[in-house]
Q: 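So that we are looking at the same thing, I have put the structure below in structure tokens.
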Amino acid sequence: MTGEASTITDNLYFSTGGSNNTTGNIGEVTATYSSSGFTLGTIAPIAATGAFTFAGGIVVNPTNGQLLVGGGQSGGGFFPSPIYQVNPTTGNITTATGPGIVDNVNLAIGPNNKVWATGGQFGSTGPLASFPINPFGRSGTALTLSGSDTAISGLAFDPKNNTMYYTSGGFYYGSSGTRNFGTLNITTGKTTALLTNQHGLNTIAYDPFTGDLITVGSNYINQINPTTGGLISQKNLDFVLGNNGGYGLENVALTGTGQLFASSGGSNGGQLFFMDYANTGLVGANGNFMASPHLANDLYGIALASQTLPPNGGPSAVPEPSTVLLFLTGLAGIGLFGFTQRRSVSYV
């Protein structure tokens, strides 16, 4: 993310699920945030995963800067689904085969140069899968789940606590559905719920700005304390996103400096939600700047091109000092940086 005077820009990678799978279901767009508002540039297609496939969640491979994209079969049914590595410049795709019949949809970078995959919106009712990323291309390895939850939809690794966290609610649970948040032992597969029966637990990301975990699902955004599992702050976006044909927030990408992007899927959705919470440190606080322009129907995965650390944490999760200084300078130019440490609870 770059900032100059009163303008901040970032390139955003995104996927569109099952649509455009032969003409381009992985793309890039420039997002611009300034004192005059939030705008999106012209979409640039990057690659297509092919007929009868879909592109799911996206993370950046921290070892080479290429995109890792979840895969599966469109139009119903399952098969040993792959993980794709996509060169964002050339569009070249390398495939790693999954170990089972569950779609590998939502992704998280974990320790030991691995990417982890879940069944995403459908809930992973079978084993999770992990794939080596350096080098990329080897087949995945299954991990059977046990404990509090045996169907999970999202994963995020917290490098500070050296812990993998999970969420267990896909979008099929709707605005009235509640599910769980907890820890996952990536050696044994045991899940331990820390927060139960809560809205907005589809996918999850570690936030280095606050040290908390950010989850999204249905029309909710949550901020959760990783140590206690306590809900720190929550935002209900019903008034912003509406029903979207029954689809809610799918994935979340964090800048690491107090801003978030979230995808809202479905043929009646396709909105890219943006929030700046740098001034408050709370996603549910009044006064946070928000915008929700339409990006693409069936919008699903999102990742930031200028991510200063691997999405969802991971190895070498330390921003370059020059990058942080540049971004904070941009925030200061539009009067947005003023966050101090907090632990108050906020619900809106």
Q: Drop me the distance from Thr188's OG1 to Leu143's CG, to the nearest 0.5 angstrom.
A: 7.5 Å
Q: Taking all heavy atoms of Ala142 and all of Pro99, pick out the closest pair and write down the distance.
A: N-CG, 3.8 Å
Q: Excluding sequence neighbours, so at least two apart, what forms ring pair (Phe, Tyr, Trp, His ring centres under 6.0 Å) with Phe136?
A: none
Q: Compute the centroid of each ring, for Tyr33 and then for Phe289, and state whether the two points are separated by less than 6.0 Å.
A: yes
Q: For Ser148 and Tyr166, work out which heavy atoms get closest and say how close.
A: CB-OH, 3.9 Å
Q: Hey, what do you get for OG1 (Thr89) to CD (Glu28), rounding to the nearest 0.5 Å?
A: 8.5 Å
Q: Please give me the minimum heavy-atom distance between Pro208 and Gly256, naming the atom from each residue.
A: CG-CA, 3.7 Å
Q: State, with a plain yes or no, whether a side-chain heavy atom of Leu107 is found less than 4.5 Å away from one of Ile83.
A: yes
Q: Spell out, as yes or no, whether a donor-acceptor pair under 3.5 Å connects the side chain of Ser233 to the backbone of Leu282.
A: no
Q: When you check the side-chain N and O atoms of Asn25 and Ser15, is any donor under 3.5 Å from an acceptor?
A: no
Q: Pick from Ile221, Asn222, Leu237: which one makes a side-chain contact (heavy atoms from CB on, under 4.5 Å) with Val216?
A: Ile221
Q: Do the non-hydrogen side-chain atoms of Tyr13 and Ile46 ever get within less than 4.5 Å of each other?
A: yes
Q: Look only at the side chain of Thr215 and the backbone of Ile204, and say whether a donor-acceptor pair between them is shorter than 3.5 Å.
A: no
Q: Side chain of Asp149, backbone of Ala151: donor and acceptor closer than 3.5 Å?
A: no
Q: Considering residues at least two apart in sequence or located in another chain, which fulfil the side-chain contact (heavy atoms from CB on, under 4.5 Å) criterion with Pro135?
A: Arg138
Q: Output the distance between atom CD1 (Ile232) and atom OG1 (Thr210), rounded to the nearest 0.5 Å.
A: 7.0 Å
Q: State the CG-OG1 distance between Leu304 and Thr255, to the nearest 0.5 angstrom.
A: 7.0 Å
Q: Check whether any side-chain heavy atom of Ile43 sits under 4.5 Å from a side-chain heavy atom of Leu295, and report yes or no.
A: yes
Q: About how many Å separate OG1 of Thr183 and CG of Asn161, when rounded to the nearest 0.5 Å?
A: 10.5 Å
Q: Taking atom types as modelled and ignoring hydrogens, do the side chains of Tyr220 and Asn202 form a donor-acceptor contact shorter than 3.5 angstrom?
A: no
Q: Looking only at heavy atoms, what is the nearest atom pair of Val29 and Gly41, with distance?
A: CG2-O, 3.4 Å
Q: Using side-chain heavy atoms (C-beta onward) and a distance below 4.5 Å, is Val60 in contact with Ile109?
A: no
Q: Quick one about Thr203 and Asn106 (side-chain donor to acceptor, distance below 3.5 Å, no hydrogens or angles considered), yes or no?
A: no
Q: Report the C-alpha distance between Thr63 and Asn113 in whole Å, list the side-chain angles of each, state the deciding distance to 0.1 Å, and finish with yes or no for side chain to side chain contact (heavy atoms under 4.5 Å, CB included).
A: CA-CA 8 Å; Thr63 69; Asn113 285 327; 3.5 Å; yes
Q: Using side-chain heavy atoms (C-beta onward) and a distance below 4.5 Å, is Asn180 in contact with Leu195?
A: no
Q: When you measure from the side chain of Asn251 to the backbone N and O of Ile58, does any donor-acceptor pair fall under 3.5 Å?
A: no
Q: Would you say Leu272 and Ile302 make side-chain contact, with heavy atoms under 4.5 Å?
A: yes
Q: Do any N or O atoms from the side chain of Asn112 and from the backbone of Lys114 form a donor-acceptor pair under 3.5 angstrom?
A: no
Q: Would you say the side-chain atoms of Thr191 pair up with the backbone N or O of Ser146, donor to acceptor, closer than 3.5 Å?
A: yes
Q: Carefully, step by step, assess Ile152 and Leu128 under the rule side chain to side chain contact (heavy atoms under 4.5 Å, CB included).
A: CA-CA 9 Å; Ile152 66 178; Leu128 301 181; 3.7 Å; yes
Q: Just so I know, are the side chains of Leu12 and Thr30 near enough to count as touching, which here means a heavy-atom distance under 4.5 Å?
A: no
Q: So, for Gly211 and Pro226, which heavy atoms are closest and what is the spacing to 0.1 Å?
A: O-CG, 3.4 Å
Q: Please report the closest heavy-atom contact between Ala278 and Phe209, naming both atoms and the distance.
A: O-CZ, 3.7 Å
Q: Under 3.5 Å, is there a donor-acceptor pair between the Asn92 and Thr90 side chains?
A: no
Q: Hey, is the main chain of Ser34 close enough, under 3.5 Å, to the side chain of Ser36 for a donor-acceptor pair?
A: no
Q: Which residues satisfy the side-chain contact (heavy atoms from CB on, under 4.5 Å) test with Thr95, sequence neighbours excluded?
A: Pro82, Tyr84, Ile93
Q: Report yes if the side chains of Asp276 and Phe274 come closer than 4.5 Å at any heavy-atom pair, otherwise no.
A: yes
Q: Tell me, with the steps shown, if Ile214 and Tyr206 meet side chain to side chain contact (heavy atoms under 4.5 Å, CB included).
A: CA-CA 6 Å; Ile214 306 297; Tyr206 169 73; over 6 Å; no
Q: Ring pair (Phe, Tyr, Trp, His ring centres under 6.0 Å), that's the test. Do Phe261 and Phe273 meet it? Break it down for me.
A: CA-CA 6 Å; Phe261 296 83; Phe273 178 79; 9.6 Å; no
Q: Quick one: list whatever passes side-chain contact (heavy atoms from CB on, under 4.5 Å) with Gln66, sequence neighbours left out.
A: Asn64, Gln85, Asn87, Pro88
Q: For the side chain to side chain donor-acceptor pair (under 3.5 Å) test, which of His199, Gln223, Gln198 pairs with Gln234?
A: Gln198
Q: Could you work out, with side-chain contact (heavy atoms from CB on, under 4.5 Å) as the rule, every residue matching Asn288, not counting sequence neighbours?
A: Met275, Tyr277, Thr280, Ala285
Q: So if I apply the side-chain contact (heavy atoms from CB on, under 4.5 Å) rule between Thr228 and each of Ile224, Leu231, Asn225, which one comes out positive?
A: Asn225
Q: List in chain and number order the residues that pass ring pair (Phe, Tyr, Trp, His ring centres under 6.0 Å) with Phe181, two or more places apart in sequence or in another chain; answer none if no residue qualifies.
A: Tyr165
Q: Hey, what do you get for OG1 (Thr192) to CG (Leu194), rounding to the nearest 0.5 Å?
A: 7.0 Å
